Engineer: 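Take this structure, written in structure tokens, and hold onto it; I'll ask about it next.
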Amino acid sequence: MQRSTTWSIFREVCVITGSMLALIPSVVAENVRLKMPLACDPGRTCNIQNYVDIDSSSAEKDYKCGTLTYDGHNGTDFRLRSLDAQRAGVNVLASASGRVVRTRDGVPDGSFLKSAPEAVRDIECGNGVIIEHPDHWETQYCHMAKGSLQVKPGDLVKAGQPLGQVGLSGLTEYPHLHFTVRHQGRIADPFAYGRPSGTCDGGESLWDPSLREQLAYQERAVLNAGFTSSPVTMDIIEDGNAEKKLPAIDSPAIVAFIRAIGLKAGDTQRLAVTNPVGNVLAENRAVPLDKNKAQVMLFAGRKRPVGGWDQGVYKATYVVERDGKVVLKKEFELSF
Ligand SMILES: [Zn+2]
């Protein structure tokens, strides 16, 4: 790639040699500093579903030696919480300043992983952008919405500049941005660049320091939680429709639902709803998970009693336990 002096970062180092203090100018390339590649709030409007697979075998491991990846995954997946959020439009952003070197647009949005993976052979990234940065760094953005790209090869872009929007193009089951970082042509994990092999900690975060707290590793997370007035399915939650049917005083049912990601084999889940006087209205205790799950859903609900619903506050509590310890908890409520 072309190196621009305006992009390069230099620093000088002081070296003491014997009795002589010598100031020796030295050019040291610094690592790229990454901003959010997606206009979302991690932990609130998006979550990291998958990290880079650091395991070179047919098994898989994320940079914390956890389960949030799959075999051969070479980037970070920032997942939106529903199709509704994607349809509203979420910008994909240049993670660092640089020059656009490649783009692809025109791949239709659709759920190809379930229907016809062969339809996206060799275009698994779908609509995407590749940007080169100083010192042989490169970032790639995949699964963007057809017709949404706002840049073309040769464009100079600034960090944070919109490139287009999240879509469902290429090999993807749900709306997310797949974000790949490369250095000198090799995959770089932005959470643990240079991690010594065989370790579950270490390496350098390439994220801007202002983002590190928001992007702290969460081995389990709640993606969706709420109340609805009719039975829910994973598809209804994915579509964003569950949240839209908020129960009212005359609703035929009150149902609390939850969707969580990153749960592990052996985790136990419980979702309970209490009525305005604190009595348990409905409870769902799931059997311990038989294997690690990319996502799970659980609901607990009850049909309207003969006398109708009491006015007041209905509270839902979701708890995931492991070895007798609470490892994930979410409380939410409904009132009328
Ligand atoms: Zn991915």
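Basis for what follows: all heavy atoms, side chains included, without hydrogens, waters or symmetry-related copies. Remember, predicted model here, so these are calculated numbers, not experimental data.
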Engineer: Determine whether a donor-acceptor pair (N or O, by modelled atom type, separation under 3.5 Å) exists between the side chain of His183 and the backbone of Gly185.
Structural biologist: no

Engineer: Give the C-alpha distance, both sets of side-chain angles, the deciding distance and a yes or no for salt bridge (Lys or Arg N to Asp or Glu O under 4.0 Å) between Arg212 and Glu204.
Structural biologist: CA-CA 11 Å; Arg212 290 180 192 170; Glu204 184 192 345; 5.3 Å; no

Engineer: Quick check against the 3.5 Å criterion: does Asn275 have a side-chain atom that pairs as donor or acceptor with the backbone of Asn279?
Structural biologist: yes

Engineer: What class does the angle between the rings of Tyr141 and Phe179 fall in, given that below 30° is parallel, 30 to 60° is tilted and above 60° is perpendicular?
Structural biologist: tilted

Engineer: Looking only at heavy atoms, which two atoms of Phe227 and Ala256 are closest? And how far apart?
Structural biologist: CE2-CB, 3.9 Å

Engineer: Side chain to side chain contact (heavy atoms under 4.5 Å, CB included) between Lys329 and Thr317: does it pass, once the steps are laid out?
Structural biologist: CA-CA 7 Å; Lys329 185 172 182 180; Thr317 305; 3.9 Å; yes

Engineer: Near Lys244 NZ, under 6.0 Å, is it more than 12 heavy atoms from other residues, nucleotides or ligands?
Structural biologist: yes

Engineer: Measure from the side-chain N and O atoms of His143 to the backbone N and O of Val166, and report whether any donor-acceptor pair falls under 3.5 Å.
Structural biologist: no

Engineer: Is the shortest side-chain N to carboxylate O distance from Arg220 to Glu321 below 4.0 Å?
Structural biologist: no

Engineer: Can you tell me if Arg102 has over 12 outside heavy atoms packed within less than 6.0 Å of its CZ?
Structural biologist: no

Engineer: Ile131 versus Val129: any side-chain heavy-atom pair under 4.5 Å?
Structural biologist: yes

Engineer: With sequence neighbours left out, write down each residue that passes side chain to side chain donor-acceptor pair (under 3.5 Å) with Gln269, or none if nothing qualifies.
Structural biologist: Tyr318

Engineer: Please answer whether the main-chain N or O of Ala294 pairs with a side-chain N or O of Gln49 as donor and acceptor at a distance below 3.5 Å.
Structural biologist: yes

Engineer: Going by an N to O cut-off under 4.0 Å, is there a salt bridge joining Asp105 and Lys152?
Structural biologist: no

Engineer: Is there a path of hydrophobic side-chain contacts, each under 4.5 Å between heavy atoms of I, L, V, M, F, W or Y residues, that connects Val100 with Leu34?
Structural biologist: yes

Engineer: Taking Asp250's backbone N and O only, do any of them form a donor-acceptor pair with Arg304's side chain (distance below 3.5 Å, no angle check)?
Structural biologist: yes

Engineer: Do you know the tightest heavy-atom contact between Ile258 and Ala225?
Structural biologist: CD1-CB, 3.7 Å

Engineer: Between CG of Asn91 and CD of Gln150, what distance do you get to the nearest 0.5 Å?
Structural biologist: 6.0 Å

Engineer: I'd like to check the side chain to side chain donor-acceptor pair (under 3.5 Å) partners of Glu238; sequence neighbours left out, ordered by chain and number.
Structural biologist: Arg79, Arg259

Engineer: Could you state the interatomic distance from CG (Asn47) to CD (Gln295), rounded to the nearest 0.5 Å?
Structural biologist: 11.5 Å

Engineer: With a 4.5 Å heavy-atom cut-off, do Val306 and Lys303 have their side chains touching?
Structural biologist: no

Engineer: What about Leu211 and Tyr217, same hydrophobic cluster or not, with Ile/Leu/Val/Met/Phe/Trp/Tyr joined at side-chain heavy-atom distances under 4.5 Å?
Structural biologist: yes

Engineer: Main chain of Gly262, side chain of Lys264: is a donor-acceptor contact present, judged purely on distance under 3.5 Å?
Structural biologist: yes

Engineer: Give a yes or no on whether a salt bridge exists between Arg322 and Asp267, defined as a side-chain N under 4.0 angstrom from a carboxylate O.
Structural biologist: yes

Engineer: Mind checking the OG-CG spacing from Ser56 to Asp71? Nearest 0.5 Å is all I need.
Structural biologist: 9.5 Å

Engineer: Has Asn127 got a side-chain atom pairing as donor or acceptor with Met144's backbone, closer than 3.5 angstrom?
Structural biologist: yes

Engineer: Tell me whether Ile254 shares a hydrophobic cluster with Ile249, the cluster being built from Ile, Leu, Val, Met, Phe, Trp, Tyr side chains joined at under 4.5 Å.
Structural biologist: yes

Engineer: What's the separation between atom CG in Leu168 and atom CG in Leu83, rounded to the nearest 0.5 Å?
Structural biologist: 6.0 Å

Engineer: Any non-hydrogen side-chain atom of Pro276 less than 4.5 Å from a side-chain atom of Val313?
Structural biologist: no

Engineer: Kindly give the heavy-atom pair with the smallest separation between Lys35 and Ala159, and that separation in Å.
Structural biologist: CG-CB, 4.1 Å

Engineer: Please report the interatomic distance CG(Asp62) to CD1(Ile54), rounded to the nearest 0.5 Å.
Structural biologist: 7.0 Å

Engineer: Just so I know, are the side chains of Val32 and Asp135 near enough to count as touching, which here means a heavy-atom distance under 4.5 Å?
Structural biologist: no

Engineer: Under 3.5 Å, is there a donor-acceptor pair between the Ser57 and Asp55 side chains?
Structural biologist: yes

Engineer: When you look at Asp201 and Lys64, which way does the salt bridge (Lys or Arg N to Asp or Glu O under 4.0 Å) test go after all the steps?
Structural biologist: CA-CA 6 Å; Asp201 217 349; Lys64 291 282 192 185; 3.4 Å; yes

Engineer: Are any of the side-chain heavy atoms of Thr274 and Tyr314 separated by less than 4.5 Å?
Structural biologist: no

Engineer: Indicate the atoms forming the closest heavy-atom contact of Ala248 with Trp309, along with that distance.
Structural biologist: O-CD1, 4.0 Å

Engineer: Here's a test for you: under side chain to side chain donor-acceptor pair (under 3.5 Å), which of Thr76, Asn74, Asn50, Thr172 qualifies with His178?
Structural biologist: Asn74

Engineer: With respect to Leu263, which candidate in Val327, Leu289, Asn292 satisfies the side-chain contact (heavy atoms from CB on, under 4.5 Å) definition?
Structural biologist: Leu289

Engineer: Do Thr103 and Pro153 touch side chain to side chain, with heavy atoms closer than 4.5 Å?
Structural biologist: yes

Engineer: Should Val90 and Val157 be counted in the same cluster of Ile, Leu, Val, Met, Phe, Trp and Tyr side chains packed under 4.5 Å apart?
Structural biologist: yes

Engineer: Does the pair Asp208 and Ser210 meet the rule for a side-chain hydrogen bond (donor to acceptor under 3.5 Å, both in side chains), with working shown?
Structural biologist: CA-CA 5 Å; Asp208 190 272; Ser210 65; 2.7 Å; yes

Engineer: Nearest heavy-atom pair of Thr228 and Pro247: which atoms, and what distance?
Structural biologist: O-CG, 3.2 Å

Engineer: Does Gly240 offer a backbone N or O that forms a donor-acceptor pair with the side chain of Arg81 under 3.5 Å?
Structural biologist: no

Engineer: Below 4.5 Å, heavy atoms only, C-beta onward: do Glu138 and Thr180 meet side chain to side chain?
Structural biologist: no

Engineer: So, do Trp137 and Leu206 sit near enough that their side-chain heavy atoms are less than 4.5 Å apart?
Structural biologist: yes

Engineer: Could you tell me whether Glu331 and Lys315 make a salt bridge, using a distance below 4.0 angstrom between a side-chain N and a carboxylate O?
Structural biologist: no

Engineer: Quick one: closest heavy-atom pair of Ala192 and Gly202, and the distance?
Structural biologist: CB-O, 3.4 Å

Engineer: So, does Ser169 use its side chain to make a donor-acceptor pair with the main chain of Pro108 at under 3.5 Å?
Structural biologist: no

Engineer: With the 4.5 Å side-chain cut-off for hydrophobic clustering, are Leu271 and Leu246 part of the same group?
Structural biologist: yes

Engineer: Ignoring hydrogens and angles, tell me if any N or O in the side chain of Glu124 forms a donor-acceptor pair with the backbone of Asp122 under 3.5 Å.
Structural biologist: yes

Engineer: Please evaluate residues Phe191 and Tyr51 with respect to the criterion ring pair (Phe, Tyr, Trp, His ring centres under 6.0 Å), reporting the C-alpha separation (whole Å), side-chain torsions for both, the decisive distance (0.1 Å), and the verdict.
Structural biologist: CA-CA 9 Å; Phe191 289 85; Tyr51 294 87; 4.9 Å; yes

Engineer: Given salt bridge (Lys or Arg N to Asp or Glu O under 4.0 Å), test Asp109 with Lys146 step by step and report yes or no.
Structural biologist: CA-CA 6 Å; Asp109 292 294; Lys146 182 183 175 187; over 6 Å; no

Engineer: Once you round to the nearest 0.5 Å, how far does CE of Met36 lie from SG of Cys46?
Structural biologist: 4.5 Å

Engineer: Report, as yes or no, whether the 6.0 Å neighbourhood of atom CZ on Arg302 holds more than 12 heavy atoms from other residues, nucleotides or ligands.
Structural biologist: no

